[in-house]
Protein chains: 2
Amino acid sequence: MNKKRELLISTALELFYENGVNSIGINEILKISGVAKRTLYSHFESKNILVLAALRQRHETFIAWLEEQLSDTKSDQEVIKQLFNALGNWFDNKEPRLGNFRGCFFINTAAEFSDKGSDISRYCSEHKEEVRLLIQKKLTSDHPHLLDAICIMKEGAITTAYVTGRGSDVTSKCIKVLCAL
Amino acid sequence: MNKKRELLISTALELFYENGVNSIGINEILKISGVAKRTLYSHFESKNILVLAALRQRHETFIAWLEEQLSDTKSDQEVIKQLFNALGNWFDNKEPRLGNFRGCFFINTAAEFSDKGSDISRYCSEHKEEVRLLIQKKLTSDHPHLLDAICIMKEGAITTAYVTGRGSDVTSKCIKVLCAL
DNA sequence: TAGTGTGTAGACAAATCGGTCTACTTTGTA
DNA sequence: TACAAAGTAGACCGATTTGTCTACACACTA
């Protein structure tokens, strides 16, 4: 049930992530998904609500993917290695579930919405917090700054890989630095 | 001379950085700067050319600011401390030359322009490369990954500070981690 | 004095934006 | 079979987008 609704969300997510939210109009989502405009507005009361739904879908996909990547870690060093190797695969488009790499959808979207109090900006922030909690759950040592260091380098790796286009060796450097702590 | 041209660039930069490039129309820049549309198009042949000019001005301001922050460093540890303390001041809006903190203008703009071959995307990438070269120039040790670690954590600190809004203690953690290398 | 920049104000064009609405069709179920 | 829900196509709305164009004013210089 609600097949049209899901089709709209997945089409919107794909186009938003690929091109940026403000560069994609409602009409293009409708044309590509083949859904009628009336149907869209019966499911989502505005474009921003659809953006939120796309963010939610991306969040669930990303969390599930990350949890899987970190499922069998037996030490903090393994967490670091598997996390950044997984990110490296993402940067190199070897993770089809995450789509063609174009940076972090939440960072990109937050950059387009300047009002920090908006639902969209707040959701982007919450996503980062949940990813942090997931990584924290996997860590065992009580190293005071390890979690922060991992999260900061993760954000740095994603943006560096996207903006400079040279993501292949960024993650291996993160692993070396973090494992030296 | 060319006072109008400079006024247009600084107004555009301010509005673009504050709101995102795609959220600001030409007409708003004209209204706020008080310049006529004809004048704008006699100086810039399109909006994208104006965006490029704004990126260039931001680049020069940022490089000059950063060079000043790192002017009297006597060791790599001092480079790390002064760099991230300066970033922390920026995040806390204590650096008026850089304007109200809303993340990195180049990351934000790259997020809005999906075509990686465009002049705008390439300029954003080049800016990051030049900042990297500036930091490299200040470092003296031959630590194999120090430069990379600093640059990755710098990007991570900027995006973390912007997206999560909690930038105050991010930089101090960067300093601790990097000085432990 | 006459001519040439460079500026202004703002109408205008063509496209697109998000969003509403009418009129009709399909589909699932009681 | 009959009815209600949910879908379709697409015209339409007002606002906004980038960019062009006309008509005119001012200032500097030959």
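So that the names make sense, note that chain A is the first sequence line, chain B the second, and so on, each numbered from 1.
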>> A quick test of your reading: do over 12 heavy atoms of other residues, nucleotides or ligands sit less than 6.0 Å from CD of B/Glu14?
In response: no
> Any idea which heavy atoms bring A/Asp76 and A/Thr140 closest together, and the distance?
Replying inline: OD1-N, 2.8 Å
> Given atom CG of B/Leu7 and atom C1' of C/dT6, what is their separation to the nearest angstrom?
Replying inline: 15 Å
>> I want to know whether A/Phe62 and A/Trp90 have ring centres closer than 6.0 Å.
In response: yes
> When you measure from the centre of the six-membered ring of A/Phe106, is the NZ or CZ of A/Arg58 under 6.0 Å away and within 45° of the axis?
Replying inline: no
> To the nearest Å, how far apart are B/Leu40 CG and D/dC21 P?
Replying inline: 16 Å
> If anything within 90° of 0 is syn and all else is anti, what is D/dG19?
Replying inline: anti
> Does OP1 or OP2 of D/dA6 have a side-chain N or O of A/His43 closer than 4.0 Å?
Replying inline: no
> For B/Leu178 and B/Ala149, which heavy atoms make the closest approach, and how far apart are they?
Replying inline: CD2-CB, 3.7 Å
>> Can a side-chain donor-acceptor contact be found between A/Arg102 and A/Tyr162 if the only test is distance below 3.5 angstrom?
In response: yes
> If pairing requires Watson-Crick or G-U wobble contacts with both distances under 3.5 Å, which nucleotide is the partner of C/dG5?
Replying inline: none
> Does A/Thr39 have a side-chain nitrogen or oxygen under 4.0 Å from the phosphate oxygens OP1 or OP2 of D/dA6?
Replying inline: no
> Over how many whole Å does the gap from B/Leu8 atom CG to C/dT8 atom C1' extend?
Replying inline: 13 Å
> Any N or O donor-acceptor pair linking the side chain of B/Arg38 to the base of D/dT22 at under 3.5 Å?
Replying inline: yes
> Whole-Å distance between D/dT17 P and B/Phe16 CZ?
Replying inline: 12 Å
> D/dT17 P sits how many Å from B/Leu30 CG, rounded?
Replying inline: 11 Å
> Over how many whole Å does the gap from B/Arg5 atom CZ to C/dG7 atom P extend?
Replying inline: 11 Å
> Can you check the B/Lys4 NZ to D/dC26 P distance for me, whole Å?
Replying inline: 14 Å
> Does any nucleotide pair with D/dC26 by Watson-Crick or G-U wobble geometry, both distances under 3.5 Å, and what is it?
Replying inline: none
Enumerate the protein-to-nucleotides 14-19 of chain C contacts in which both atoms are nitrogen or oxygen and the separation is below 3.5 Å.
unit_1: C/dG18; atom_1: OP1; unit_2: A/Lys47; atom_2: NZ; d: 2.8
unit_1: C/dG18; atom_1: OP2; unit_2: A/Ile26; atom_2: N; d: 2.7
unit_1: C/dG19; atom_1: OP2; unit_2: A/Tyr41; atom_2: OH; d: 3.1
unit_1: C/dG19; atom_1: OP2; unit_2: A/Lys47; atom_2: N; d: 2.7
unit_1: C/dG19; atom_1: N7; unit_2: A/Lys37; atom_2: NZ; d: 3.0
unit_1: C/dG19; atom_1: O6; unit_2: A/Lys37; atom_2: NZ; d: 2.4

>> If we count only N and O atoms by modelled type, under 3.5 Å, do the side chains of B/Thr39 and B/Ser42 hold a donor and an acceptor together?
In response: no
